[in-house]
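All values reported here derive from a predicted model rather than from experimental measurement. Throughout, protein chains are lettered first and strands after them, A, B, ... in sequence-line order, and every chain is numbered starting at 1.
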Amino acid sequence: MNYRLAYLSDTWVNWCPELGTVLANDEVVNGLSERGGHPVERKLMKQWSLRITAYAQRLLEGLDKVDWFESLKEMQRNWIGRSEGAGVYFKVDGYKDNLLVFTTRPDTLWGATFMVLAPEHELVEKITTPDRKDAVEKYVTWAKNRSERERMAEVKTVTGEFTGAYGINPVNGEKIPIWIADYVLAGYGTGAIMAVPAHDSRDFAFARHFDLPIIQVVAKDGEKPADPATWDESYDSKEGKMINSGFITGMDVKEAIKATIDFLEGKKIGHGTVNFRLRDAIFSRQRYWGEPFPIYYKNGMPYPLDEDELPLKLPKVDKYLPTEKGEPPLARAENWKTKEGYPLETNTMPGFAGSSGYYLRYMDPGNKDEYFSKEANEYWRDVDLYLGGDEHATGHLIYARFWNMFLFDMGLVCEEEPFKKLINQGKIQGRSNFVYRIEGTNKFVSFNLRKEHKTTRIHVDVNFVDNDILDTDAFKNGRPEYKDAEFILEDGKYICGWEVEKMSKSKHNVVNPDELMEQYGADTFRLYEMFLGPLENHKPWDTNGIEGVYRFIKKLWRLFFDENGNWIVTDEIPNNQELKVLHQTIKKIRNDIERFSFNTAVSQFMICVNELTDLKCHKKQVLENLTILISSYAPHIAEELWNRLGHNASVTYASFPEFKEEYVKENTFEYPVSFNGKMRFKLELPVDMPKDEVEKAALADERSGKYIGDKQVRKVIVVPKRIINIVY
RNA sequence: GCGGAUGUGGCGGAAUUGGUAGACGCGCCAGACUUAGGAUCUGGUGCCGCAAGGCGUGGGGGUUCGAGUCCCUUCAUCCGCACCA
């Protein structure tokens, strides 16, 4: 509050009386609450907000300094939505009032043929002429009551009303009509625009619909102006030269924008400005479980509690529900006031209050006196690696940055950006299966025959399905209403349809890991999840390959035990071949961990175990190192093996094996020999053989003659330890 | 519409720096062991072709001795945002 970052204001919210709470837009589905399906209404409420918009520019710039996925940064950039332009004042004809509009294209001022206000704009009532009053009021009421859903669905429909009033274009004194329409949003810019139908597609559609004039002011380079009446669409591009535009005529668009802003500023009728899409974050919740605000009210004005009265703890309430009057649950508490008897705030803070700064508390979790100490923060600084889903892009990840920036400005944290590197792991999706019920019957038709009937597609529990083939008995027993189900089969089987969707109970596509862990063990499950593909990929859960990983685990075990369960590890000294396999693995695993490539790491473990099996290697020295390497991938089996290898302490305390180049060194390299870029045969040569000798050896090889024939060799490329390419 | 990402065998995927495309696994085929196998092991498996050979990383073009990788262009899919002035 002291930094004007937290403030109280009347805010339009989605109020659900039944739940006694405000809902986010995405919690409202078709005018009903997502949970419970209760009606939701628009309501003006006094709510706390955080002025995140004050940090918009820095939040945007900071993105250049962090190592995040480009897609995620782009999401945040879009969300912040910076656009440069100008604020321009239009006089309202016959009134003293000025209408401030925001435009990204001040250069097109000469093409403005009308103005549009948002229906909620404060001047609408005042400037509407008596003869237009009825129509305008009707439109305003209609627009206000339109649900989110209707607005979305009817994007293409043009609606609006003329107010009867006129604005004066400040650059040429033209009188242009002022309209209202809900394609102009009250919450963006100034809620008022100048319409340039020739160069904005929405204005164009509006002008066409209401038969308003269209004036071209930008022409594509090298093209002559054309009669806008013949156009199919507006020319929105910023490329081109100005025409019909007073003193900026002939200028390039970019140059014209600058010149117009200078002109407006000189005349004090406008100014260059930057607009952001980002809105302040509403910080009040009408729930019990949230941090209470350390705020009390005196004569209706909010004041912060003294620091020595902190922390403020949640009071006891009889029910965690809103009061009958619709007040938040904290209003139920009996003594929810200060020592002096002033009432305390009854709203609580949202989830992001805690999630925005928990990483700071993690730096100093035992601190009884403060959030975290300066020393602890200077030691830990920031989060080196943040692994999380991209669904937090426009929520948590932006709030946390804002939170941290404020604390940085206060000198309380030493890094401006909280999360140095961020990786989005992909989500495991569900693979749903469907059966096709013939309408009005209890008969189900197999996938490829479904077109012959009128069917309804129904989700079927994926546990009844194997390789898209339905276990019809399990299906019949699954639910009473399907007990007498009949099936139309193809090739004696019932084939199900399928689709990849979000895992969800209602879609019956949830795979319970417990069952898989029961069958294969947690290590197999873990390894398989990693083996499935790159960390960041979203992918459907598919258990078809899990057997392979399970076999690998069993194979690993057999390096230590024979088929009768006898310990077969020996103390023999490993030979060069065995050491080579081990050290190749050490190198690869180390590398793969660093680049978060766990699927290729698992693959290397498989290669290693396969080779050690072929070599019949049961030597302690090798297996001990392998156990350490695999301990973070398959911790349970690793711990067991480590113990059997004679260690009492956990394998987690063992140090990562050291890679030694000497064991993987080769004396020879098998050169692929290419002719005109096509690999034809391989040739084994000493690694340190000089280039010209390699070339000679390749040309001398009898197989080369076959490809070269009697043609002239033009060039031979030798890249040591890589390739030989003979060009003819 | 704007922005981002991704396109490689039947499937999941590998190829980290422009240098042997398809590692590893699934599946499939053949075989061994077995009363049996949904256990285990061996061999094979990009496509066309008997073979020699040819073709092949969504399509088209380019740079290069050499392109999955770089450039241009085009198509498709997925994700995010969107009557944003």
Side-chain angles (χ1 to χ4, degrees), chain A residues 69-79 81-83 85-86 101-105 108 112 115-116 118 151-152 154-159 181-185 187-196 199-203 205-206 236 275-278 390-391 393-394 424 426 467 500 527-528 531-534 536-540 542-552 554-555 558 563 588 591-592 594-595 597 599-608 610 613 670-682 714-719 721-728:
Chain A
F69 284 174
E70 195 52 38
S71 57
L72 195 83
K73 289 194 198 177
E74 209 51 41
M75 260 192 246
Q76 288 210 349
R77 286 191 191 109
N78 277 333
W79 191 256
R82 183 184 200 273
S83 59
V101 307
F102 173 72
T103 176
T104 53
R105 296 291 301 275
T108 62
M115 299 180 76
V116 187
R151 288 193 185 190
M152 292 292 217
E154 292 165 30
V155 160
K156 294 269 139 66
T157 321
V158 178
T159 62
D182 72 351
Y183 81 89
V184 175
L185 306 174
Y188 183 77
T190 61
I193 61 156
M194 62 172 205
V196 184
H199 305 289
D200 180 282
S201 47
R202 290 150 307 164
D203 297 345
F206 195 83
D236 293 7
N275 214 351
F276 292 97
R277 202 186 76 95
L278 187 71
D390 58 6
E391 69 272 22
T394 56
N424 296 128
N467 270 322
V500 172
L527 281 175
Y528 182 58
F531 190 56
L532 222 41
E536 62 272 17
N537 283 11
H538 294 278
K539 48 177 44 214
D542 174 4
T543 47
N544 282 338
I546 199 167
E547 286 287 345
V549 177
Y550 189 49
R551 275 176 211 147
F552 158 74
K554 287 192 282 190
K555 208 163 174 180
R558 287 200 301 272
E563 59 268 35
K588 178 89 174 125
N591 213 326
D592 283 349
E594 270 164 23
R595 59 190 188 106
S597 180
N599 56 329
T600 54
V602 174
S603 151
Q604 180 61 36
F605 282 125
M606 289 175 171
I607 292 169
C608 178
N610 285 345
T613 303
E670 200 178 38
Y671 277 96
V673 183
S674 301
F675 293 84
N676 288 346
K678 271 211 171 358
M679 206 280 288
R680 295 299 183 181
F681 63 85
K682 288 177 186 167
R714 286 194 295 152
K715 203 171 184 181
V716 179
I717 311 275
V718 175
V719 183
K721 285 178 79 179
R722 280 239 187 261
I723 200 169
I724 301 166
N725 190 17
I726 297 169
V727 186
Y728 56 84

Where does the angle between the aromatic ring planes of A/Y183 and A/F206 fall among parallel (under 30°), tilted (30 to 60°) and perpendicular (over 60°)?
tilted

* With a non-hydrogen cut-off below 4.0 angstrom, is A/K588 in contact with a base, only sugar-phosphate, or nothing? -> base

To the nearest angstrom, the CG-C1' distance between A/L72 and B/C81 comes to 13 Å

**Prompt:** Can you find an N or O donor on one side and an acceptor on the other, under 3.5 Å apart, linking the side chain of A/K555 with the base of B/U40?
**Reply:** no

Separation of B/U40 atom P from A/N610 atom CG, nearest Å, is 13 Å

**Asked** Within the structure shown, what part of the strands sits under 4.0 Å from A/S603 by heavy-atom distance: base, sugar-phosphate, or nothing?
**Response** base

Check every strand shown and say whether A/K682 touches a base, only sugar-phosphate, or nothing at a heavy-atom separation below 4.0 Å.
-> base

The answer to which of A/T104 and A/D542 contacts RNA chain B further toward the 5' end, by nearest nucleotide, is A/D542

Rounded to whole Å, CD1 of A/I607 lies from C1' of B/A23 at a distance of 6 Å

So CG of A/L72 and CD of A/E391: to nearest 0.5 Å the spacing works out to 10.0 Å

Separation of B/A39 atom P from A/E563 atom CD, nearest Å, is 17 Å

(message) Regarding A/I717, tell me which of base, sugar-phosphate or nothing describes its non-hydrogen contacts under 4.0 Å with the strands shown.
(response) base

Exercise. Contact class for A/R551 vs. all strands (heavy atom < 4.0 Å): base, sugar-phosphate, or nothing?
Worked result: sugar-phosphate

Legend entry - Polar side-chain atom of A/N537 near backbone of A/G426 as donor-acceptor pair, under 3.5 Å: no

When rounded to whole Å, the CG to C1' distance for the pair A/D592 and B/G13 reads 14 Å

Taking every heavy atom of A/R722 against every heavy atom of A/P672, the minimum-distance pair comes out as O-CD, 3.3 Å

Distance col, row A/L532:CG vs A/D542:CG, nearest 0.5 angstrom, shows 7.0 Å

Rounded to whole Å, CD of A/E670 lies from P of B/G19 at a distance of 19 Å

Open item on the list: With a 4.0 Å cutoff (strictly under), does any side-chain N or O of A/R277 reach OP1 or OP2 of B/A82?
Closed with: yes

Just to be sure I understand the rule, does A/R82 reach a base, reach only the sugar-phosphate, or reach nothing, if contact means heavy atoms closer than 4.0 Å? nothing

Q) Would you call A/K554 and A/E547 a salt bridge, using N to O less than 4.0 angstrom? A) no

Pairing partner of B/U64, by Watson-Crick or G-U wobble and under 3.5 Å for both distances, is none

message: Quick check on B/A85: is either OP1 or OP2 less than 4.0 Å from any side-chain nitrogen or oxygen of A/Y188?
response: yes

In Watson-Crick or G-U wobble terms, with both distances under 3.5 Å, the base opposite B/G31 is B/C41

Point to revise | Same-atom distance (C1') from B/U8 to B/G46, integer angstrom | key: 10 Å

d(A/F102 CZ, A/M194 CE) to nearest 0.5 Å is 10.5 Å

For B/G49, the nucleotide meeting Watson-Crick or G-U wobble distances (both under 3.5 Å) is none

Quick check on B/G3: is either OP1 or OP2 less than 4.0 Å from any side-chain nitrogen or oxygen of A/K73? no

A/F681 atom CZ is separated from B/G53 atom C1', nearest whole Å, by 17 Å

When the C1' atoms of B/U6 and B/G12 are considered, how many whole Å apart are they? 15 Å

Next on the checklist: Between B/A15 and B/U69, how many Å separate the two C1' atoms, rounded to a whole number?
Outcome noted: 10 Å

At under 4.0 Å between heavy atoms, what does A/V719 touch on the DNA or RNA strands: base, sugar-phosphate, or nothing?
base

**Asked** So does A/R722 get a side-chain nitrogen or oxygen closer than 4.0 Å to the phosphate oxygens (OP1/OP2) of B/C65?
**Response** no

Requested in this report: Test A/I717 against A/I723 for side-chain contact (heavy atoms from CB on, under 4.5 Å), laying out the working first.
Outcome: CA-CA 8 Å; A/I717 311 275; A/I723 200 169; 5.6 Å; no

Q.
Taking any heavy-atom pair under 4.0 Å as a contact, classify A/V184: base, sugar-phosphate, or nothing.
A. base

### Distance between P atoms of B/U73 and B/G56 (Å, rounded)
24 Å

Regarding B/G9, purine or pyrimidine glycosidic angle vs 90° from 0 gives syn

When both distances are under 3.5 Å in a Watson-Crick or G-U wobble arrangement, the nucleotide paired with B/U20 is none

When the P atoms of B/U16 and B/C48 are considered, how many whole Å apart are they?
-> 29 Å

For a quick check of understanding: with a heavy-atom distance under 4.0 Å over all strands, which category does A/N78 fall into, base, sugar-phosphate or nothing?
base

Taking for A/P672 and for A/N591 the nucleotide of RNA chain B with the nearest heavy atom, the one nearer the 5' end belongs to A/N591

When the C1' atoms of B/U57 and B/U20 are compared, how many Å lie between them, rounded to an integer? 15 Å

Separation between CZ (A/R105) and CG (A/D200), nearest 0.5 Å, reads 9.0 Å

Rounded to whole Å, CD of A/Q76 lies from P of B/C2 at a distance of 23 Å

(Q) Does B/G12 have OP1 or OP2 under 4.0 Å away from a side-chain N or O of A/K539? (A) no

Exercise for the section: Could you give the distance separating B/G7 and B/G68 at their C1' atoms, to the nearest angstrom? Expected result: 11 Å

Using Watson-Crick geometry (N1-N3 plus N6-O4 or O6-N4) or G-U wobble (N1-O2, O6-N3), each under 3.5 Å, B/C78 is paired with B/G4

For this session: Confirm from the modelled atom types if A/N725 and B/C65 form a donor-acceptor pair under 3.5 Å, side chain to base only.
Result: yes

pair_partner(B/U69), Watson-Crick or wobble, both distances < 3.5 Å, evaluates to none

(Q) Any base atoms under 4.0 Å from A/N275, or only sugar-phosphate, or nothing? Heavy atoms, all strands. (A) nothing

